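Keep in mind that what you see is a predicted model, and the values were worked out from it rather than measured.
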Amino acid sequence: MPVSGRRHQKLQADFHQLLKDNAQLLAELREVVAERDAARDVVRGLSDRNRALIARPLNQGEAVLARMLRESESARALLAEQIDLLQTANEGAAREAYDAAKAARQVAA
């Protein structure tokens, strides 16, 4: 089916916008992954310290550290959920970009 030049330009503009949006999502994903990695390092440090302290009963200050460790692990789980959501959104955007490119190729053919 022939497509007018304007329609073709519109499809190309939409495709380029999708690519731009995908690049932005990837940049945001990199930021979230970096934050997640930093949070994991904190959790690892707290976990290592907690393991070292397990051999004896916890005093009050150490009990606070144990509670902080549990809270940081909860925060890590929340970050993992957010990363999953971003990855899902990124996959959706990539699929849309692919579909738009496929449609543009079909229209151009």
Side-chain angles (χ1 to χ4, degrees):
M1 177 171 148
V3 175
S4 71
R6 287 184 184 165
R7 176 77 176 139
H8 181 71
Q9 288 176 349
K10 174 72 171 125
L11 287 172
Q12 282 186 324
D14 290 345
F15 174 72
H16 290 296
Q17 183 61 44
L18 286 170
L19 288 177
K20 190 182 211 182
D21 293 345
N22 193 31
Q24 177 64 31
L25 284 171
L26 286 172
E28 291 173 10
L29 179 61
R30 278 192 283 278
E31 285 180 29
V32 170
V33 167
E35 290 172 8
R36 180 206 59 194
D37 291 344
R40 281 184 178 168
D41 290 343
V42 169
V43 169
R44 267 191 215 106
L46 290 172
S47 295
D48 292 345
R49 180 170 178 167
N50 193 39
R51 276 192 284 281
L53 295 173
I54 287 178
R56 58 184 174 74
L58 298 177
N59 64 31
Q60 187 174 358
E62 293 165 340
V64 169
L65 286 175
R67 187 179 73 245
M68 288 172 60
L69 173 63
R70 285 190 299 275
E71 290 170 358
S72 67
E73 288 171 346
S74 296
R76 189 182 101 214
L78 289 174
L79 281 173
E81 288 175 20
Q82 289 176 349
I83 288 169
D84 288 343
L85 290 174
L86 281 172
Q87 287 174 332
T88 301
N90 186 43
E91 290 168 2
R95 271 192 299 277
E96 288 176 11
Y98 174 79
D99 291 344
K102 187 176 176 182
R105 282 194 301 272
Q106 288 175 348
V107 167

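- Shown here are the side chain to side chain contact (heavy atoms under 4.5 Å, CB included) partners of Q9, two or more places apart in sequence or in another chain: there are none.
- Hydrophobic side-chain contacts under 4.5 Å tie L19 into a cluster, directly or through other members, with F15.
- Residues satisfying the side chain to side chain contact (heavy atoms under 4.5 Å, CB included) test with A103, not counting sequence neighbours, are none.
- E28 pairs by the side-chain hydrogen bond (donor to acceptor under 3.5 Å, both in side chains) definition with Q24, not counting sequence neighbours.
- The list of salt bridge (Lys or Arg N to Asp or Glu O under 4.0 Å) pairs with a residue in residues 14-26, not counting sequence neighbours, reads K10-D14.
- Residue A93 comes nearest to N22 through the heavy atom pair CB-OD1, 4.2 Å, listed as atom of the first residue, atom of the second, then distance.
- In the hydrophobic clustering, L18 connects to no other residue, as no ILVMFWY side-chain heavy atoms lie under 4.5 Å from its own.
- Between the CG atom in L26 and the CD atom in Q87 there is a gap of 10.5 Å [rounded to 0.5 Å].
- Checked against side chain to side chain contact (heavy atoms under 4.5 Å, CB included), Q12 has the following partners two or more places apart in sequence or in another chain: H8, H16.
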Side-chain donor-acceptor contacts of residues 65-74 below 3.5 Å, not counting sequence neighbours, with atom names and distances?
from, atom 1, to, atom 2, distance (Å)
S72, OG, M68, O, 3.4
S72, OG, L69, O, 2.8
S74, OG, R70, O, 3.2

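- In this structure, E31 has no side-chain hydrogen bond (donor to acceptor under 3.5 Å, both in side chains) partners at least two apart in sequence or on a different chain.
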Could you list the donor-acceptor pairs under 3.5 angstrom formed between side-chain atoms of residues 32-40 and any protein atom two or more places apart in sequence or on another chain?
none

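- Applying the salt bridge (Lys or Arg N to Asp or Glu O under 4.0 Å) test to every pair with at least one member in residues 74-101, sequence neighbours left out, gives no pairs at all.
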